[in-house]
Enquirer: 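So that we are looking at the same thing, I have put the structure below in structure tokens.
If you're wondering where the values come from, they're calculated on a predicted model, not measured in any experiment. We number each residue from 1, following the sequence as shown.
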Amino acid sequence: MGRGRVELKRIENKINRQVTFSKRRNGLLKKAHEISVLCDAEVAVIVFSHKGKLSEYSTDSCMEKILERYERYSYAERQLVSMDSETQLQIMQGNWTVEYSRLTAKIELLQRNRRHYLGEDLDSLTLKDLTGLEQQIDISLKQIRARRNQLMNETISDLQKRVKEIATVYFIISILLFFF
């Protein structure tokens with residue numbers, strides 16, 4: 001025998017509200033996982049508690065990819081709604097709006113990432129985001145240093161070869177001068 005229907009209104013008791021939030025959040029995240037596995041769907045769920053704590057779920061750890069896709073489609077939809085029917089028909093035939101919005105979203109994402117790599121506009125990032133950004137920068141820095149060291153070693157080798165060549169030429173010239 002099941003429970004009766006729950007009346008949807010704010011729970012006044014703080015403790016009961018927090019317990020209900022935790023249970024329902026866990027249930028929501030579980031359902032998101034189930035639908036992603038059963039239906040092979042890309043799912044992203046973002047939940048902020050009343051204290052601002054973030055809970056998230058995304059399939060195969062691709063939250064950014066799903067959000068980028070969402071931005072693309074919602075932007076294209078807004079563009080279509082704001083246009084007259086003749087323009088909509090033209091755009092639907094060419095399907096350029098979707099491509100344009102996809103590229104626009106990609107440009108915005110790249111510009112945002114560029115600002116983050118330059119240490120700008122970091123206020124919107126969470127601790128997890130900042131840690132990931134720091135790790136990416138560390139990896140990039142290691143690759144840059146490795147390439148710089150490789151170039152320096154190649155330059156040193158070239159200079160050593162030149163020194164040997166010059167020493168050989170100097171030796172030959174000194175022998176020739178000695179005999180003449």
Enquirer: Rounded to the nearest 0.5 Å, what separation is found between the OG1 atom of Thr59 and the CD1 atom of Ile35?
Expert: 11.0 Å

Enquirer: Side chain to side chain donor-acceptor pair (under 3.5 Å) for Arg114 and Gln111? Distances and angles first, verdict last.
Expert: CA-CA 5 Å; Arg114 179 183 167 274; Gln111 287 174 338; over 6 Å; no

Enquirer: Checking Lys142 against Ile139 for the side-chain contact (heavy atoms from CB on, under 4.5 Å) test, could you report, in this order, the C-alpha distance in whole Å, the side-chain angles of both residues, the deciding distance, and whether it holds?
Expert: CA-CA 5 Å; Lys142 287 176 185 175; Ile139 290 168; 5.7 Å; no

Enquirer: Distance from Ser55 atom OG to Phe48 atom CZ, nearest 0.5 Å?
Expert: 9.0 Å

Enquirer: What distance separates Lys14 NZ from His50 NE2, expressed to the nearest 0.5 Å?
Expert: 6.5 Å

Enquirer: For atom CD1 of Ile15, decide whether the heavy atoms of other residues, nucleotides or ligands shown that lie under 6.0 angstrom number more than 12.
Expert: no

Enquirer: So which heavy atom on Tyr57 is nearest to which on Met63, and how close?
Expert: O-CE, 3.5 Å

Enquirer: Would Leu109 and Leu103 show up in the same hydrophobic cluster when neighbours are defined by side-chain heavy atoms closer than 4.5 Å?
Expert: no

Enquirer: Sequence neighbours excluded and cut-off under 3.5 Å, please list the side-chain donor-acceptor pairs for residues 16-31, or say none.
Expert:
from, atom 1, to, atom 2, distance (Å)
Arg17, NH1, Ile11, O, 2.6
Gln18, NE2, Ser22, OG, 3.3
Thr20, OG1, Asn16, O, 2.8
Ser22, OG, Gln18, O, 3.2
Asn26, ND2, Ser22, O, 3.2

Enquirer: How close do Val43 and Ile66 get, counting heavy atoms only, and between which atoms?
Expert: O-CD1, 3.4 Å

Enquirer: Looking at CG of Leu177 and CD1 of Ile172, how far apart are the two atoms once the value is rounded to the nearest 0.5 Å?
Expert: 12.0 Å

Enquirer: Applying side-chain contact (heavy atoms from CB on, under 4.5 Å), run through Arg148 and Met152 and close with a yes or a no.
Expert: CA-CA 6 Å; Arg148 183 197 63 194; Met152 288 175 66; 4.0 Å; yes

Enquirer: CG of Leu67 to CD1 of Ile46: how many Å apart, nearest 0.5 Å?
Expert: 5.0 Å

Enquirer: Look at the side chain of His116 and the backbone N and O of Asp121, then say whether any donor-acceptor pair between them is shorter than 3.5 Å.
Expert: yes

Enquirer: As an exercise, state the distance from NZ of Lys51 to NZ of Lys53, rounded to the nearest 0.5 Å.
Expert: 10.0 Å

Enquirer: For Glu134 and Leu130: C-alpha separation, side-chain torsions, deciding distance, then whether side-chain contact (heavy atoms from CB on, under 4.5 Å) applies.
Expert: CA-CA 6 Å; Glu134 183 179 21; Leu130 290 170; over 6 Å; no

Enquirer: Keeping Asp158 on the side-chain end and Thr155 on the backbone end, is there a donor-acceptor pair under 3.5 Å?
Expert: no

Enquirer: Listing request: all side-chain hydrogen bond (donor to acceptor under 3.5 Å, both in side chains) pairs with a residue in residues 160-176, at least two apart in sequence or in separate chains.
Expert: none

Enquirer: Would you call Lys65-Glu42 a salt bridge at under 4.0 Å N-O?
Expert: yes

Enquirer: Check the surroundings of atom CG in Asn13: do more than 12 heavy atoms from other residues, nucleotides or ligands lie under 6.0 Å from it?
Expert: yes

